[in-house]
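Just so we're on the same page: letters track the sequence lines, and every chain starts at 1. On a predicted model such as this, the values are computed, not experimentally measured, just so you know. Scope of the values below: all heavy atoms of this structure, side chains included, with no hydrogens, waters or symmetry mates.
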Amino acid sequence: MQDLLIYNTLSNKKEVFKPLKEGYVGMYVCGPTVYSNVHLGNVRTFMSFDMIYRYFLHVGYKVRYVRNITDAGHLTDDNSEDKISTKARLEQLEPMEIVQKYTIDFHEILKKFNNLPPSIEPTATGHIIEQIEAIETILKNGLAYEINGSVYFDVLKYNETENYGILSKRKIEEAIENTRVLDGQSDKKNPQDFALWKKAEPEHIQRWDSPWGVGFPGWHMECTVMSTKYLGKEFDIHGGGMDLKFPHHECEIAQAQACNHVAPVKYWMHTNMLTMNGRKMSKSTGNNILPDEIFTGDNKHISKAYTAGVARFFMMQAHYRSILDFSDTAIAAAEKGYVRMMDAVELMDKLEFSAKSSIDVNKWKQKCYDAMNDDFNTPILIAHLFDAVKWINLINDGKETLTEIDLDTFRTTVNDFVFHVLGLENISENNVDSDKLSGVVEILIKLRKEARDNKDWVLSDQIRDELITLGIQLKDGKEGTTFSVN
RNA sequence: GGCGUCAUGGCCGAGUGGCUAGGCUGGGCUCUGCAAAAGCUCCCACAGCGGUUCGAAUCCGCUUGACGCCUCCA
């Protein structure tokens, strides 16, 4: 297997990926808090890791991909209540009804974007016992303290022997100086300390018994517990959005270290933000666009509807570690390129082989793998795939040739990268009525050919123009006329 | 205020110390009844100011600007 470079945010360098166990990959990605609809920015992160998951599978790794559902414990701004409970009260539903509603939404959206489901999708509420056990271990190890029914992680104590800030590159001493002291209501010894367990006030709906009384777990605990349970005390990759680096992932490291006395993760991977109007998409600020609004075009930021495939292609054209700015012109440009690529891929099936090859297929194929092996560089991969698009058209025109073996390699490689690695789908396959439609269009093409043979340009152009208003484009070539549906 | 990231041609977006990313748009040509599609081709950018180097968009420093995190967020 060729070397695969991964940018590790722990070292801020590209490193050669060496799995803990040869041939196996353990990957944990922080999933959503299911208290509202996922927006396009959330989708980008999961889509990036879907691509990474797909590539590992493609090159032959056995992957256990764990992605959690946060259905409890995620605290609101004022730290008084968790998000699920707040939403439950607002919508007058059971917390688990909120969880169910938005979990289903999450799954449906990701499916539309052709994301593969993870191997395991554990929930925070399903691991309360494990979380309590882990908190007891941390208490026993002297790195947490209980006050008034809540348990907090003792960051300063931890920092005496370990490095709190190893991931986010913060220095705890400076952080203390720069932390605003809000008021005296907190039980924490130090503002940097974070909750492992929170006491539930009487009005709090989600609550569980614990050695410290009735309460609920802190946000960071679930990921530590579930990653350990399903991937081990040490595992290969932990991913998530850039904005989770601090405090969430920093806390995860501290918790795992406090429990198991070992650094939990070999490679930390962080995906960058999707912006709109130059600002991060965010649920709280309202600067976001929902997937369904993309599909219907019903959002002031876009001029028309776009398919999930186009949106996926748009995101794959940028590197996962770069900020990507969403705009109507950007996604419209991506759509054109996407359609051109898909048309070529479809045309590829009809190509015929020759006695000689005029293209070095194996060299090109290697370039595709080199791109992906360099920290999953999908923009470079797509650039190479557009070389393939060009060749497909040229072979079709008889200006380039491939032998039977080369053509076979070529087809397999294109299909592998376009469909299996990038996870794109061919739009025409989604068209249920495509058989009937193409039958009708073929009739019109035949009628138009008769008109053209009779030099009846008025009729032939009328057929062509009226079809184009329906989004059906005729393409006259040497071998006759074909069409595409937009 | 602290920490961090980034500044690329009309737009979107890759990138290595010297050799054309790619997509979209626009111009020209081929093909075509005319178009479209497809192909070929042109428009050779790298925030500013210094420095290192035979040579830097790519390394270093400073300036300016943008964004992210520090408080819930993928």
### Summary
By the Watson-Crick or G-U definition, both distances under 3.5 Å, B:C73 is matched with none

### Query
The side chain of A:N393 lies closest to which of these nucleotides: B:G39, B:G23, B:G13?
B:G39

### Query
What is the nucleic acid contact for A:D325, judged by heavy atoms within less than 4.0 Å: base, sugar-phosphate only, or nothing?
sugar-phosphate

#### Entry: Length of the CG-C1' vector between A:D476 and B:C31, whole Å
11 Å

#### Entry: Nucleotide nearest A:F46 when distance is taken to its side chain, options B:C67, B:A74, B:C40
B:A74

#### Entry: B:A14 versus B:U8 - spacing of their C1' atoms, nearest Å
10 Å

### Message
Please tell me if A:K336 has a side-chain N or O lying less than 4.0 Å from either OP1 or OP2 of B:U25.
### Response
yes

### Query
So what's B:C67 paired with, Watson-Crick or G-U wobble, going by both distances under 3.5 Å?
B:G4

### Task
May I ask you to say what A:G240 touches in the nucleic acid, namely base, sugar-phosphate or nothing, with a heavy-atom cut-off under 4.0 Å?
sugar-phosphate

### Message
Between A:F153 and A:Y164 (judged by ring centroids, cut-off 6.0 Å), do the two rings come close enough to count as a pair?
### Response
no

### Query
For B:A37, which nucleotide is its Watson-Crick or G-U wobble mate, given both distances must be under 3.5 Å?
none

### Query
Of the candidate nucleotides B:C40, B:G13, B:A36, which contains the atom at the shortest distance from the side chain of A:Q473?
B:A36

### Query
Phosphate oxygens OP1/OP2 of B:C24: is one of them under 4.0 Å from a side-chain N or O of A:R340?
yes

### Task
Round to the nearest Å and state the distance from A:I380 atom CD1 to B:A21 atom C1'.
6 Å

### Query
Whole Å only: how far is the NZ atom of A:K455 from the P atom of B:U32?
12 Å

### Message
Any base atoms under 4.0 Å from A:N42, or only sugar-phosphate, or nothing? Heavy atoms, all strands.
### Response
base

### Task
For A:M341, report the nucleic acid contact type (base, sugar-phosphate, nothing); a contact means any heavy atom under 4.0 Å.
nothing

### Query
Donor-acceptor pair under 3.5 Å: do we get one between A:T329's side chain and the base of B:C11?
no

### Query
When you check the phosphate oxygens OP1 and OP2 of B:C70, does a side-chain N or O of A:S168 lie under 4.0 Å from one of them?
no

### Query
Out of A:T378, A:T45, A:D375, which residue meets the side-chain contact (heavy atoms from CB on, under 4.5 Å) rule with A:Y320?
A:D375

### Task
Give one of base, sugar-phosphate or nothing for A:L385, where a contact means two heavy atoms less than 4.0 Å apart.
nothing

### Query
Which whole number of Å gives the distance between the P atom of B:G22 and that of B:G39?
13 Å

### Message
If the cut-off is 4.0 Å, is A:R170 near the phosphate of B:C70, judged by side-chain N/O to OP1 or OP2?
### Response
no

### Message
For a quick check of understanding: with a heavy-atom distance under 4.0 Å over all strands, which category does A:H39 fall into, base, sugar-phosphate or nothing?
### Response
base

### Message
Assuming nearest nucleotide by heavy-atom distance, tell me which of A:D374 and A:F386 is located more 5' along RNA chain B.
### Response
A:D374

### Task
Compute the centroid of each ring, for A:H270 and then for A:H249, and state whether the two points are separated by less than 6.0 Å.
yes

### Query
Can you tell me if the side-chain N/O atoms of A:N377 get under 4.0 Å from OP1 or OP2 in B:A14?
no

### Message
What's A:G278 touching, base or sugar-phosphate or nothing? Going by heavy atoms closer than 4.0 Å.
### Response
sugar-phosphate

### Task
Write down the distance separating the C1' atoms in B:G48 and B:A7, rounded off to the nearest Å.
11 Å

### Query
When the nearest nucleotide of RNA chain B is assigned to A:W457 and to A:I382 on a heavy-atom basis, which residue is associated with the more 5' position?
A:I382

### Task
Flag the pair A:F410 / A:W364 as yes when their ring centroid distance falls below 6.0 Å, and as no otherwise.
yes

### Query
When A:H238 is tested against each of A:Y28, A:Y65, A:Y267 for ring pair (Phe, Tyr, Trp, His ring centres under 6.0 Å), which residue passes?
A:Y28

### Message
Would you say the ring centers of A:F314 and A:F326 fall short of 6.0 Å from each other?
### Response
yes

### Summary
A:Y320 OH to B:U5 P, in whole Å, measures 15 Å

### Query
Below 6.0 angstrom between ring centroids: does that apply to A:Y152 and A:F194?
no

### Query
Do A:F106 and A:F46 make the cut of ring centroids closer than 6.0 angstrom?
yes

### Task
Using whole Å, report how far NZ of A:K449 lies from C1' of B:G33.
14 Å

#### Entry: Shortest side-chain distance from A:P247, nucleotide among B:A74, B:C70, B:A36
B:C70

### Query
How close or far is atom C1' of B:G23 from atom CE of A:M315, stated in whole angstroms?
17 Å

### Query
What integer number of Å spans the P atoms of B:U58 and B:A45?
14 Å

### Nearest-angstrom distance from the residue atom CD1 of A:I331 to P of B:G23
19 Å

### Rounded C1' spacing from B:A47 to B:U32 in Å
47 Å

### Task
Searching all strands shown, indicate the nucleotide that pairs with B:G17 (Watson-Crick or G-U wobble; both distances under 3.5 Å).
none

### Task
Would you state whether a donor and an acceptor, one from the side chain of A:D461 and one from the base of B:G33, lie under 3.5 Å apart?
yes

### Task
Determine the contact category for A:S322: base if any of its heavy atoms lies under 4.0 Å from a base atom, sugar-phosphate if only primed atoms, P, OP1 or OP2 are that close, otherwise nothing.
sugar-phosphate

### Query
Using the C1' atom in both, what is the distance from B:U20 to B:C46, to the nearest Å?
15 Å

#### Entry: Atom-to-atom span, CD of A:E335 to P of B:G22 - whole angstrom
22 Å

### Query
Given the C1' atoms of B:G10 and B:G51, what is the spacing between them in whole Å?
33 Å

### Query
Do the side chain of A:R464 and the base of B:A35 come within less than 3.5 angstrom through a donor-acceptor pair of N or O atoms?
yes

### A:K283 side-chain N/O to B:A74 phosphate OP1/OP2 under 4.0 Å
yes

### Task
Starting from the C-alpha separation in whole Å, work towards a yes-or-no answer on side-chain hydrogen bond (donor to acceptor under 3.5 Å, both in side chains) for A:Q366 and A:D370.
CA-CA 6 Å; A:Q366 187 56 49; A:D370 289 347; 2.8 Å; yes

### Task
Rounded to whole angstrom, note down the P distance from B:C29 over to B:A21.
26 Å

